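For reference, the structure discussed in these notes is given below.
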Amino acid sequence: MESLSSKVLLFGVSCLVLLAVQRYLEYKRIVQAIQAPSHSTTLLSVRSVLGNILPRIRGITRGRMATWVDKHIQYAKSGWDGVIQVNMWPKPNATLFLADAAAIKEVTTARARFPKPVKVYRALSFFGGNIVASEGEDWKRYRKIAAPTFNDRNNRLIWDETTRIILALFDDVWGSQDTVILDHALTITLPIALFVLSAAAFGRRISWTDEEGIPPNHQMSFKVAIHEVSLGCLVKVLVPEWAMGLTAHLRRVRLAFEELNIYMLEMISQRRNAEKKEERHDLLTNLLEASADDLTFNDRDLTGNIFIFLLAGHETTAHTLCYTFALLALYQDEQEILFQHIKSILADGRIPTYEEMPLFTQSMAVFNETLRMFPPVLGIPKYSAEDTRLIISNDAGEKRDFGLPQGTNITLDVAGLHYNPRYWKDPEEFRPARFLDPEWPRDAFLPFSAGPRACIGRKFFETEGIAILTLMISRYKIEIKEEPEFARETFAERKARVLTSKPGLTMTPVRVPLVFKRR
Ligand code: HEM
Ligand SMILES: *[C@@H]1O[C@H](CO)[C@@H](O)[C@H](O)[C@H]1NC(C)=O
Ligand SMILES: *[C@@H]1O[C@H](CO)[C@@H](O)[C@H](O)[C@H]1NC(C)=O
Ligand SMILES: *[C@@H]1O[C@H](CO)[C@@H](O)[C@H](O)[C@H]1NC(C)=O
């Protein structure tokens, strides 16, 4: 008599075989439906959490920051600027990675056909629904409320607040020092970006000297709370509420979220109860007006959106400034070109005005080239809402029609596009002048995404960025800090060390040690 256990075993094995066959057929169906010239297969998706933690293992996962590590390589290998990556777990599913400027333009322009998968952004919704993590009617409503503040009048406010903050850094923090040594440039670019955002979008000025101060009824400063929250987003999504008290690290993340919520509620009530209604036209004003006029816009919508603007405008800007300083320190000749250009406009060493902003074309070219090489947002997720097709081309100018069944995920591969030699000659070279050529390839530049869902804060960033860079370079010369342990490294090694990046909410420079020398 056969034992019960072997029957169970046989049953189990049959189930597994059946499942494997079913998965295989599903896999075949997906690959056939897509009609791509080729595809590669891994167990895990690049978009999954595990796929972002594990190192590269052949057949299992492409590894951490795979699109950053590979840049244009996988497209060059396949011969096409669109690559299909099939993952088998948890269910067979296909993602189209794009580094083709025309196809990307089509995807960003046709918002209804290629929406954002809002599920991917659920990590950003714990303070309430918001403009980044929504689609359709919700998104339209949020965008309509926020858009009017991103205008010329507000840009002037951004410029003035930025100048004030940078001059305060020079006067109150750096003072009479001729040489300022920073172990990591992020320690100044993070506060700069936060102070500007806080002052220009929310009317809350933070000073350099009391930045560490913790106000009464708080346990954490605003600066620390926002920083810890941006680092802790992933943890907050993965760890259930009841487990957030288990370790010191988790308790700190939980505290940061609670603290940030209190800070946001304070900003709201302070502004609502302000004695004299100041003539303010910043973002907070518009959000509050919307909540007063529109009953469907509740307090959760308020905190959700305040939070998302703090998050979207803080790290992206701080990291870009940090990479910019690093590149200028590495490429002294480029820094000299920039310095001479600024000097030709500010001959007498005065402070630049908002009206002069369009004159600083070299500063803008430096930022654009930095954003091309180090785009903070490496991948922009979309999917096809219907059965559709996309034309994808290759180096030789041949075109192929890719069939995209409804539900196919798409990743706009920003690094793949920005390092695509079809559009950018010698893409590894830091060469700001390429943006001064009137023919520069606009559709191959995607740091802010494009189309209706493009970054609403691009002008905000450009305004503060130009004010910061212009003041900084006109007063200080930036160099890489010399450290004995790296005395013998080559330029290539130094460049690799200083520009090393790690994943985060946005791509993050690991350690950029700089010296600022007064000119
Ligand atoms: C260098 C600086 C910045 C970069 C590289 C950047 C990049 C981006 C990108 C790539 C997107 C599209 C995200 C997606 O589709 O998944 C985006 C959206 C957005 N950004 Fe920025 N951003 C920057 C600065 C800012 C600033 C300063 C603000 C606010 C003051 C801001 C607010 C937003 C908002 C609200 C959205 C969502 C827009 C929508 O979906 O309608 N960003 N940004
Ligand atoms: C594809 O996108 C959907 C959201 O539209 C998501 O639920 C799913 O996990 C994604 N699949 C992969 C493989 O990333
Ligand atoms: C920089 O890029 C922006 C697009 O993000 C473009 O509007 C601007 O003209 C560019 N400027 C320079 C000088 O490169
Ligand atoms: C991928 O998975 C999502 C959600 O599980 C599904 O809606 C979609 O149809 C799948 N895509 C393909 C190409 O099978």
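Worth saying up front: this structure is predicted, and the values here are computed from it rather than measured. First listed ligand is number 1; within each ligand, the first listed atom is number 1.
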Classify the ring geometry of F448 against F461: parallel below 30°, tilted from 30° to 60°, perpendicular beyond 60°. tilted

For ligand 1 and K116, I'd like to know whether there is a polar contact (N/O to N/O, distance under 3.5 Å). yes

Flag this pair as yes if the NZ/CZ of R204 is under 6.0 angstrom from the six-membered ring centre of F222 and inside a 45 degree cone about the axis; otherwise no. yes

Have a look around atom 21 (Fe) of ligand 1 and list protein N/O/S atoms under 2.8 Å, or say none. C455 SG

Parallel, tilted or perpendicular: ring planes of Y476 versus F170, cut at 30 and 60 degrees: tilted

Considering only protein heavy atoms, which is closest to atom 7 (O) of ligand 3, and at what distance to one decimal place? R458 NH1, 3.6 Å

Would you mind listing which atoms of ligand 1 come within a distance below 4.0 Å of any non-hydrogen atom of Y121? 14 (C), 15 (O), 16 (O)

All heavy atoms of W68 vs all of P375, minimum pair found to be CZ3-CD, 4.2 Å

For atom 29 (C) of ligand 1, find the nearest protein heavy atom and state the residue, atom name and distance (0.1 Å precision). F309 CD2, 3.9 Å

More than 12 heavy atoms of other groups within 6.0 Å of L265 CG: yes

Does ligand 3 have a heavy atom under 4.0 Å from the side chain of N368, from its backbone, from both, or from neither? side chain

Report yes or no: is the cationic atom of R458 (NZ for Lys, CZ for Arg) under 6.0 Å from the centre of the six-membered ring of F445, at an angle within 45° of the ring normal? no

Per-atom filter on ligand 1: closer than 4.0 angstrom to a heavy atom of T320 are 1 (C)

Does R143 reach ligand 1 with a nitrogen or oxygen that is under 3.5 Å from one of the ligand's nitrogen or oxygen atoms? yes

Regarding ligand 1, does W139 bring an N or O atom to under 3.5 Å of one of the ligand's N or O atoms? yes

Where the closest heavy atom to atom 7 (C) of ligand 1 is concerned, which of G379, P447, A318, P452 has it? P447

Sidechain-backbone polar pair: Y75 side chain, N420 backbone, donor-acceptor under 3.5 Å: no

I'd like to check which ligand 1 atoms, numbered from 1 as shown, lie under 4.0 Å from a non-hydrogen atom of P376. 5 (C)

Would the distance check show the side chain of T470 and the main-chain N or O of A467 forming a donor-acceptor pair, the cut-off being under 3.5 Å? no

Would you give the length of the straight line joining atom CZ of R300 to atom CZ of F126, rounded to the nearest 0.5 angstrom? 10.0 Å

Answer with side chain, backbone, both or neither: which part of R442 has a heavy atom less than 4.0 angstrom from an atom of ligand 3? neither

Applying the ring pair (Phe, Tyr, Trp, His ring centres under 6.0 Å) criterion to F374, which one of F325, Y323, F430 satisfies it? Y323

Which atoms of ligand 1 sit under 4.0 Å from any heavy atom of L197? 30 (C)

Does the salt bridge (charged side-chain N to carboxylate O under 4.0 Å, His left out) test come out yes or no for D299 and R272, once each step is laid out? CA-CA 12 Å; D299 274 14; R272 272 186 181 148; 3.4 Å; yes

Contact with ligand 3 for F367, non-hydrogen, under 4.0 angstrom: no

If we ignore hydrogens and angles and just use 3.5 Å, is the side chain of Q335 paired with the main-chain N or O of I478 as donor and acceptor? yes

Per atom 12 (C) of ligand 1, closest listed option by heavy atom (G465, P381, A450, S449): S449

Numbered atoms and elements of ligand 3 in range of F435, under 4.0 angstrom, heavy atoms: 14 (O)

Is any NZ, NE, NH1 or NH2 atom of the basic residue among D294 and K144 found under 4.0 Å from an Asp or Glu carboxylate oxygen of the other? no

Judged on heavy-atom distance to atom 9 (O) of ligand 3, which of W440, F461, F448 sits nearest? W440

Hey, does K382 come in under 3.5 Å of ligand 1, counting only N/O atoms on both sides? no

In terms of atom number and element, which parts of ligand 3 are under 4.0 angstrom from non-hydrogen atoms of M364? 11 (N), 12 (C), 13 (C)

Where ligand 1 meets V132 - atom numbers and elements under 4.0 angstrom, heavy-atom basis: 36 (C), 37 (C)

Ignoring hydrogens and geometry, is there a side-chain-to-backbone donor-acceptor pair from T42 to L44 under 3.5 Å? yes

Could you tell me the separation between the CG atom of L417 and the CZ atom of R372, rounded to the nearest 0.5 Å? 10.5 Å

Tell me, please: is E369 in heavy-atom contact with ligand 3, that is, under 4.0 Å? no

Would you kindly say whether D160 and T163 are connected by a side-chain donor-acceptor distance under 3.5 Å? no

Mark up the atoms of ligand 3 that fall under 4.0 Å of a heavy atom belonging to T361, in ascending order. 13 (C)

